Number of protein chains: 2
Amino acid sequence: MNKYQIIHDELLKKINDGKYPEDAKLPSDFALMNRYHVARETSRKAVAMLVDEGYVMRIKGRGTFVINQNRYSFPISHVESYRELAARLNLNERTQLDAISDKDVPLVFDYGEQVPLPATEIVRIRYLDNEPVIIDRDYVLKDVVPEIKSLSASLSLFELFEQKLGLVISYAKKTITIETANTLDRQLMSLTEPMSIVVIRSETFLNDGRIISFTESRHRGDRFKSVEFSRRH
Amino acid sequence: MNKYQIIHDELLKKINDGKYPEDAKLPSDFALMNRYHVARETSRKAVAMLVDEGYVMRIKGRGTFVINQNRYSFPISHVESYRELAARLNLNERTQLDAISDKDVPLVFDYGEQVPLPATEIVRIRYLDNEPVIIDRDYVLKDVVPEIKSLSASLSLFELFEQKLGLVISYAKKTITIETANTLDRQLMSLTEPMSIVVIRSETFLNDGRIISFTESRHRGDRFKSVEFSRRH
DNA sequence: CAGTGGTCTAGACCACTCT
DNA sequence: GAGTGGTCTAGACCACTGA
């Protein structure tokens, strides 16, 4: 584990535990240097991560302060799996595996070449508080992962990629649009009335630049909420 | 201007101009050190910004590479004004100032205290290609900006804050939900049918920690698209 | 093996804030 | 003036990649 990562994690834990509550002042660069016996740039890197993540803000001449925290909703801007999300929010969550089959990546994903991309399609329905609210369709490219067993698909795909296969996920590109619920949506989510669906389509990339999967995540519009933290550029 | 900012801007310009096209390799840390006569950490900081912004990816032992770029849609995760967006996308854009008046911040914004917050309400309608697609309601706190003249409100609020008033915007917190178009939406956007509206509510903070404004931005659901770049944490 | 990015050090000078 | 964060330097060692 890197030094700056350790410092970051310890500070973040204290923020989440309320030891640094809202508006509290974090230790200064020099205080962190002494406490952890590191160079100043190392302690600054740890704090810079917290700034990036929206936990604290730094004010020149004054100090580093904890930002008012209520980021309890579905985050769009992070690559985060459903299981990680549910664990973080302490929600009663359940995932039902609907189907696994071989299927090319659909053309709604606007990947460059117009050649069919062989993939494994995994359809899952996500329940929060026993209500079906999300339909996930993952297309895992056969090029990268030739076969997926049914057992592991009921767990997290990210867990499979990272822990079992040793692949490292680097980033994703997501597109968010609004669509009207189609017949399949209504059926899978038990909808009786017309409903807007928030559609999040993403391509996930490995750290060597290869695409590993395309994902379509369809959220009930009336259950969807996202909270974002954004910095001024 | 900082050295790392200069290097960042020059690299970004070359990416946007196509001098570093997709998958192209950027100069290495050491090449940038020599070209700009800076220390390695300085050149690395410039590239780190490009990584943060999703323009490039770094692979250990290989190099730094330009990522496939098609981020041409409405960005949620940046604090970016409508004018900046339209300019970047080269869209035919027009803004119509609907009203300026004194009004407390509505309670839909979930700010802590339940005391009324006096503000200036600015209602603007945004046209893209001569079609009304966005309704913006800004509530600028009287505490920070006591008075807003009608003239400046037809321009960008951010321009007013930063250039005329010398205020520095630091970050924003945005909430995204889906609602059904209300009567006022239908009227202002000339909608005849029921329509989903993407509602983005944000609080904008200054670099001294004060809130300067609350904003509600209502987008036609069928014209809304957002492309996000997200890193794995 | 040389080249690359990742981490880390021990300094330095500056601008800003608060007392 | 003391304390803080912002920038910058000139090194160092490491892990990984590709020829």
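These figures come from a predicted structure and were not determined experimentally. Here is how names work: the chains are called A, B, and so on, in the same order as the sequence lines, proteins then strands, and each is numbered from 1.
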What's the [atom1]-[atom2] distance between [X] and [N], to the nearest Å?
{"X": "A:N34", "N": "C:dT9", "atom1": "CG", "atom2": "C1'", "answer": "15 Å"}
{"X": "A:L32", "N": "C:dC8", "atom1": "CG", "atom2": "P", "answer": "14 Å"}
{"X": "B:M33", "N": "D:dC8", "atom1": "CE", "atom2": "C1'", "answer": "12 Å"}
{"X": "A:I7", "N": "C:dC8", "atom1": "CD1", "atom2": "P", "answer": "8 Å"}
{"X": "A:M49", "N": "C:dG6", "atom1": "CE", "atom2": "P", "answer": "13 Å"}
{"X": "A:Y4", "N": "C:dC8", "atom1": "OH", "atom2": "P", "answer": "7 Å"}
{"X": "B:M57", "N": "C:dT4", "atom1": "CE", "atom2": "C1'", "answer": "14 Å"}
{"X": "B:R44", "N": "D:dA10", "atom1": "CZ", "atom2": "P", "answer": "17 Å"}

Notebook entry, point to check: Mind checking what makes salt bridge (Lys or Arg N to Asp or Glu O under 4.0 Å) contact with A:D102, not counting sequence neighbours?
Noted result: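 Here the qualifying residues are A:K142.
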Next item on the list: With sequence neighbours excluded, tell me which residues meet salt bridge (Lys or Arg N to Asp or Glu O under 4.0 Å) with A:K103.
Entry: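 By the salt bridge (Lys or Arg N to Asp or Glu O under 4.0 Å) rule, A:K103 matches A:E121.
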Residues in side-chain hydrogen bond (donor to acceptor under 3.5 Å, both in side chains) with [X], at least two apart?
{"X": "A:R62", "value": "none"}
{"X": "A:T215", "value": "A:D138"}
{"X": "A:E41", "value": "none"}

Can you find a side chain N or O atom of [X] that sits less than 4.0 Å from OP1 or OP2 on [N]?
{"X": "A:T42", "N": "C:dT7", "result": "no"}
{"X": "A:K3", "N": "C:dT7", "result": "no"}
{"X": "B:R58", "N": "C:dG6", "result": "yes"}
{"X": "A:S28", "N": "D:dG3", "result": "no"}

Notebook entry, point to check: Considering only D:dC8, C:dT9, C:dG5, which nucleotide approaches the side chain of B:D29 most closely?
Noted result: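 Looking only at heavy atoms from C-beta outward on B:D29, the closest nucleotide is C:dG5.
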Check: What does nucleotides 11-19 of chain D look like as a protein-contact string, B for base, S for sugar-phosphate only, - for none, at under 4.0 angstrom between heavy atoms?
Finding: -B--BBBS-
Item checked: Basic-acidic side-chain contact under 4.0 Å: A:D29, A:R58 ->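 Salt bridge between A:D29 and A:R58, a charged N being under 4.0 Å from a carboxylate O: yes.
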Note to self: Please find the pair of heavy atoms, one from B:L50 and one from B:L12, that lie closest to each other, and give the distance.
What the structure shows: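 Nearest pair, atom of B:L50 first, then B:L12: CD2-CB, 4.1 Å.
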Check: Contact class for B:V38 vs. all strands (heavy atom < 4.0 Å): base, sugar-phosphate, or nothing?
Finding: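 Answer is sugar-phosphate: B:V38 comes under 4.0 Å of backbone atoms only.
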